[in-house]
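Numbering starts at 1 and runs along the sequence shown.
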Amino acid sequence: MSINIEKSQSSVKSRYRPEIDGVRAFAVITVIINHINNNALPGGYLGVDIFFVISGFVITSSLYKRPSKNFKDFISGFYERRIKRLVPALSVFVLITSIAICLFNPEPGASLMTGLTSLYGISNLYLFSLSTDYFGQSTALNVFTHTWSLGVEEQFYILFPFLIWFSGFGRQTPNGARNLLLIVGTFSIVSLIGFIYFYQINQPAAYFLMPLRFWEMAAGCLIFVGIMKSAYIEMWFAKIPPLLTLILIIGVMYLPISLAVISTILVVLFSVVLITSLKKGTMAYSFLTNPKVVYIGLISYSLYLWHWGVISISRWTI
């Protein structure tokens with residue numbers, strides 16, 4: 001039994017794709033450029049949407065054929081890995097940044113509450129309750145505004161393992177992949193329709209609420225399962241030059257903010273194409289698997305956490 005588990009764990013590790021960390025690096029750099037100077041890359045904030053697609057893809061991949069004795073073992077193992085990966089760095093960031101903002105902001109209440117709620121994965125809900133305009137000035141002065149995306153992901157992590165297990169995909173039942181495609185696909189359609197609808201009448205809801213962002217992370221899940229089900233899908237996407245896709249993503253980031261809904265949908269679609277089409281021998285693959293680029297991807301979570309805090313505090317000081 002232990003030998004089988006060790007083999008399974010080895011197969012999970014062998015599915016590591018360095019180019020995915022390269023895409024993470026690309027995403028976090030676009031976000032940082034946008035936050036430093038949004039005139040340089042107006043739609044760089046869409047890098048967060050690339051992260052969402054990557055998360056759906058990687059989480060589905062990590063749960064595929066992962067050895068588990070039962071449902072309790074499956075769920076507890078998943079949450080243990082997520083907590084170890086996310087919480088320590090977030091806790092240190094929130095503690096240090098909270099102390100720093102108190103030195104410069106005479107009324108740090110909103111920032112401190114955002115930081116506190118981020119530790120419980122609900123800062124997106126807190127910001128939504130304030131009817132926060134993500135593109136407004138108050139957002140730029142809140143040192144923890146960017147943690148909204150972590151809240152969205154963490155809430156997705158609460159729901160998604162249940163879908164994986166009860167669809168049968170995590171247990172490798174005969175119809176597991178089909179069931180997961182059907183369930184996640186249905187939820188995705190509803191989520192996308194909701195995102196488009198609410199962006200017109202309640203932008204904070206469309207921006208901050210996980211159910212209206214579900215379709216983005218689900219896109220990564222669906223393409224992973226699709227590739228597992230049919231080699232033809234991967235072969236078809238392999239015909240698309242990934243470098244062209246990267247250029248198209250950058251191009252979308254220069255669309256006007258009035259086209260934010262279209263921009264978001266296009267970036268998600270192009271992210272799916274990029275992840276699927278990246279193959280050895282292509283120029284984009286060589287660039288994204290460069291050790292320095294991969295390193296940026298490996299520390300992208302820390303870069304994402306700290307860059308906004310530094311930029312936001314600088315607005316209170318220099």
Side-chain angles (χ1 to χ4, degrees), residues 12-62 85 89 146 149 153 216-217 219-224 226-228 231-255 263-308 310-311:
V12 169
K13 292 178 181 178
S14 68
R15 289 201 297 271
Y16 170 69
R17 293 176 55 181
E19 69 272 23
I20 297 296
D21 276 319
V23 178
R24 280 197 181 100
F26 170 75
V28 77
I29 288 172
T30 63
V31 171
I32 292 173
I33 292 174
N34 173 262
H35 288 166
I36 292 175
N37 182 359
N38 60 10
N39 292 320
L41 192 60
Y45 65 91
L46 293 167
V48 172
D49 301 275
I50 301 175
F51 276 122
F52 286 159
V53 177
I54 293 173
S55 291
F57 184 89
V58 172
I59 289 300
T60 308
S61 172
S62 70
R85 186 187 187 287
H146 65 315
S149 64
E153 286 202 30
E216 300 186 48
M217 290 163 283
C221 163
L222 291 173
I223 195 59
F224 177 83
I227 291 172
M228 298 302 301
Y232 175 78
I233 295 176
E234 190 170 15
M235 290 173 58
W236 188 87
F237 276 106
K239 298 176 182 178
I240 304 173
L243 182 60
L244 173 62
T245 307
L246 272 174
I247 294 172
L248 289 173
I249 291 175
I250 295 172
V252 170
M253 291 180 175
Y254 281 97
L255 292 177
S263 298
T264 303
I265 294 173
L266 287 176
V267 162
V268 170
L269 289 176
F270 289 150
S271 297
V272 168
V273 174
L274 179 63
I275 291 172
T276 313
S277 63
L278 275 171
K279 303 297 177 187
K280 292 182 179 179
T282 62
M283 187 181 300
Y285 182 92
S286 299
F287 171 73
L288 293 174
T289 55
N290 179 285
K292 294 180 180 178
V293 176
V294 171
Y295 176 74
I296 294 174
L298 289 171
I299 64 170
S300 59
Y301 176 53
S302 294
L303 285 176
Y304 182 77
L305 282 179
W306 286 95
H307 87 279
W308 179 264
V310 171
I311 293 171

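Rounding to the nearest 0.5 Å gives a distance of 7.5 Å between CD1 of Ile275 and CZ of Arg17. Note that CG of Leu41 and CD1 of Ile250 are 7.5 Å apart. Values are rounded to the nearest 0.5 Å. Note: Lys279 NZ to Glu19 CD = 7.5 Å, rounded to the nearest 0.5 Å. Atoms CD and CG, on Glu216 and Leu46 in that order, are 9.0 Å from each other to the nearest 0.5 Å. Between atom CD1 of residue Ile249 and atom OG of residue Ser263 there is a gap of 12.5 Å, rounded to the nearest 0.5 Å. A distance of 14.0 Å separates CD1 of Ile32 from CG of Asn37, quoted to the nearest 0.5 Å.
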Working note: Ile227 + Phe237, criterion side-chain contact (heavy atoms from CB on, under 4.5 Å); need CA distance, chi angles, decisive distance, verdict. CA-CA 10 Å; Ile227 291 172; Phe237 276 106; over 6 Å; no

Please evaluate residues Val23 and Leu246 with respect to the criterion side-chain contact (heavy atoms from CB on, under 4.5 Å), reporting the C-alpha separation (whole Å), side-chain torsions for both, the decisive distance (0.1 Å), and the verdict. CA-CA 9 Å; Val23 178; Leu246 272 174; over 6 Å; no

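Note: His146 and Tyr304 have tilted aromatic rings, judged against thresholds of 30 and 60 degrees for the angle between ring planes.
Between the side chain of Ser61 and the main chain of Phe57, no donor-acceptor pair closer than 3.5 Å is present. Not one N or O on the side chain of Tyr45 forms a donor-acceptor pair closer than 3.5 Å with the backbone of Thr30.
Summarising the geometry of Pro42 relative to Asn39, their closest heavy-atom pair is CD-O, 3.9 Å, with the distance given to 0.1 Å. Between Gly44 and Met253 the shortest heavy-atom distance is CA-SD, 4.0 Å. Closest approach of Ser300 to Val28, counting heavy atoms only: O-CG2, 3.8 Å. Minimum interatomic distance between Ala25 and Gly297 (heavy atoms only, all atoms of both residues): CB-N, 3.6 Å. When every heavy atom of Thr282 is checked against every heavy atom of Pro242, the shortest pair comes out as OG1-CG, 3.7 Å. Closest approach of Val48 and Val31 over heavy atoms only: N-CG2, 3.7 Å.
Residues passing the ring pair (Phe, Tyr, Trp, His ring centres under 6.0 Å) test with Phe51, sequence neighbours excluded: none. Shown here are the ring pair (Phe, Tyr, Trp, His ring centres under 6.0 Å) partners of Trp236, two or more places apart in sequence or in another chain: there are none.
By the 4.5 Å heavy-atom criterion applied to side chains, Ile240 and Thr245 are counted as neighbours. With contacts defined as side-chain heavy-atom distances shorter than 4.5 Å, the pair Val273/Leu269 does not qualify. Taking 4.5 Å as the limit, some side-chain heavy atom of Ile233 sits within range of a side-chain heavy atom of Ile223.
Each of Leu298, Ile54, Ile296, Ile29 was evaluated against Arg24; a single residue qualifies, Ile54, per the side-chain contact (heavy atoms from CB on, under 4.5 Å) test.
For residues 268-297, the set of pairs meeting the ring-ring contact (aromatic ring centres under 6.0 Å, His included) definition, not counting sequence neighbours, is empty.
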